[in-house]
Amino acid sequence: MSVGQIAAIIAAAAFVILVLLLAVPLLKLGRTLDEATIAIRKAHEGSGPLLDDAQVTLTTVNTQLERVDGVTASVQAVAANTRALSSLFTATFGGPLVKVAALSYGLRKASQARRLRNAPPSKRTAKSNGKRSARG
């Protein structure tokens, strides 16, 4: 055997060792890819019912939102009717009630003034002095 042949045998042995060392990570990578493929397949199989449930949920939510829109429209109508009724009540009874209140106040003041004029002089001066001291 010549030196060239021995070098070729050593190079071949080194190549075999290199291939064996690279085979282990390649086998592990193959197993990892198999597990990833299985996981993706399971996720794909489970996503169908999940998407169906999501579609049912969205349909239910849309139905509820339509009902809420109806309720909101009804509440707006009630609020508008209440505003109109309040305006009508104010216009109808507000003015006359203010007038009645003013009339009763005026009658009460006139009645008090009349009583003071018809009262004996001693009461009249005592009351007018009491009023001035209460104000001052």
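Owing to the predicted nature of the structure, the values given are computational and were not obtained by experimental measurement. Positions are given from 1, in the same order as the sequence printed here.
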Could you check whether any side-chain heavy atom of Asn118 comes within less than 4.5 Å of a side-chain heavy atom of Arg114, counting everything from C-beta outward? yes

Mind checking the CG-CG spacing from Asn81 to Leu88? Nearest 0.5 Å is all I need. 12.0 Å

Supply the atom-to-atom distance Lys99 NZ to Leu103 CG, rounded to the nearest 0.5 angstrom. 11.5 Å

Nearest 0.5 Å please: distance from the OG1 atom of Thr63 over to the CG atom of Leu58. 10.5 Å

Side-chain donor or acceptor of Gln5 paired with backbone N/O of Ser2 under 3.5 Å: yes

Any chance you could measure Asn62, atom CG, to Gln64, atom CD, to the nearest 0.5 Å? 10.0 Å

Looking just at side-chain N and O atoms, do Ser111 and Arg115 make a donor-acceptor pair shorter than 3.5 Å? yes

Under the side-chain contact (heavy atoms from CB on, under 4.5 Å) test, which residues partner Glu45, sequence neighbours left out? Arg41

Is Ile10 reachable from Met1 through a run of hydrophobic residues whose side-chain heavy atoms are each under 4.5 Å from the next? yes

Say whether, by atom type as modelled, one donor and one acceptor occur between the side chain of Ser47 and the main chain of His44 under 3.5 angstrom. yes

Measure the CZ-CG distance between Phe89 and Leu97 for me, rounded to the nearest 0.5 Å. 6.5 Å

Verify the cluster assignment for Val19 and Val16: are they in a single hydrophobic cluster under the rule of side-chain heavy atoms below 4.5 Å apart? no

To the nearest 0.5 angstrom, please state how far the CD atom of Glu35 sits from the CG atom of Leu33. 10.5 Å

